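Each chain gets a letter, A, B and so on, in the order the sequences are listed, and its residues count up from 1. Keep in mind it's a predicted model, so treat the numbers as computed, not measured.
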Amino acid sequence: MATMLFDIYRYDPEQGGKPFMQRFELDNIDPGMMLRDALIRIKAEQDETLTFRHSCGEGVCGSDAININGTNGLGCITPLSELKQPVKVRPVPGMPVIRDLVVDMQQFYHHYREVKPYLIRHEPEQEVEFLQSPEERDKLDGLYECILCGCCTTACPSFWWNPDKFRGPAALLQAWRFLADSRDQNTAERLEELEGPYKLFRCHTIMNCANVCPKGLNPTKAIGLIKQLMLKRQI
Amino acid sequence: MSSHHLSGLTAWLVQRLSAVYMALFVVAMTAVVVSHPGYDYASWRALFAQPLVAVTTSIFFISLLLHIWVGIRDIILDYVGGSPSMRLLLLSLLGVWLIAMGIWIVRIMLRVMLI
Ligand code: SF4
């Protein structure tokens, strides 16, 4: 069956040398094959040193975010049939490369941790469950589904420019997820934490995040809602 | 309220409000100018000597300077990420330049309005 060409980013900092693109040719491509399947086969059949992350293989775990023909996405849910050849596969941009397609996600997780992605109550814990009305629960749709793949944040120019200070779309989407939660009581502190020119306000509504999110989420919209809430509480 | 408090939400709000004001002002000014063809120097001065025009024009220039401050500050914060001292230097230069422009504008406006 069909043959496809791949140009894959190779880099091993421990060996020294410069990053380079390596050409691979893969035959017997099935019509339904995903990019992740191709990477697995290249590793098994042609070069076992090729290094990449992957796990669930169905867009749930969020570990195989890569840059595919210039756009971030998950290898496991990107059909080869939709890709122009040679397929250029790179690590997600703006992150330190550990090896080949594997990047260091420290910075990303740091920002996630900083938004305190969990419910915070100031009142004493109650003995029963915290109930939500269906409407209150609906507000979390489009927020809780994030798999923390990092496609959005690493596609964001504001994050490339200020990776240490700007929280990035993924963390800000989660910030809004807890601001929007009727059970959370930490609104004032959460908003105060995001004030200043960098953490939230480096966002210039470029919208790369919403374009690339494999779960179809919209961090730009969440960021807008955070700004709105800040404004409402000021006046 | 700490100063960092003013630098996020307030800057963002100032940018938007000044943009809206300037857009409205430019449209209104254009309409005024187009509807009175054949301006000469005297009628031009008379126009700006009217209190309403003088005040709205002054607000326009205040908006312009504030808008420039937020916009150029954004560019500096985006592109000069690595070096805090470089950032401080550029922001100071920007501030000095905007203050100088402001003084110049006040001088012109005062002369137009008072004489
Ligand atoms: S918002 Fe979307 S792109 Fe960003 S980390 Fe979550 S799932 Fe990935």
Heavy atoms from other residues, nucleotides or ligands near [atom1] of [X] exceed 12 (cutoff 6.0 Å):
| X | atom1 | result |
| --- | --- | --- |
| B:Met86 | CE | no |
| A:Arg23 | CZ | yes |
| A:Phe20 | CZ | yes |
| A:Lys221 | NZ | no |
| A:Gln106 | CD | no |

| Just wondering, do B:Asp78 and A:His204 contact through their side chains at under 4.5 Å, heavy atoms? | yes
Heavy atoms of A:Pro197 and B:Ser7 approach each other most closely as CD-OG, 3.1 Å
On a heavy-atom basis, the closest approach of B:Trp12 and A:Leu231 is CZ3-CD2, 4.3 Å
So CG of A:Leu194 and CG of B:Leu9: to nearest 0.5 Å the spacing works out to 11.5 Å
Expected contact set for residues 145-152 of chain A against chain B at heavy-atom separation under 4.5 Å reads none
Residues 161-172 of chain A vs chain B, non-hydrogen distance cutoff under 4.5 Å, contacting residues -> A:Trp161, A:Asn162, A:Lys165
message = When you measure from the side chain of A:Arg202 to the backbone of B:Asp74, do you find a donor-acceptor pair of N or O atoms at a distance under 3.5 Å?
response = yes
Okay, A:Leu200 and chain B: the region with an atom under 4.5 Å from a heavy atom over there is neither
Most heavy-atom pairs under 4.5 Å with chain B, out of A:Tyr198, A:Trp160, A:Phe201, belong to A:Phe201
So, the part of B:Leu77 with a heavy atom under 4.5 Å from chain A: the answer is both
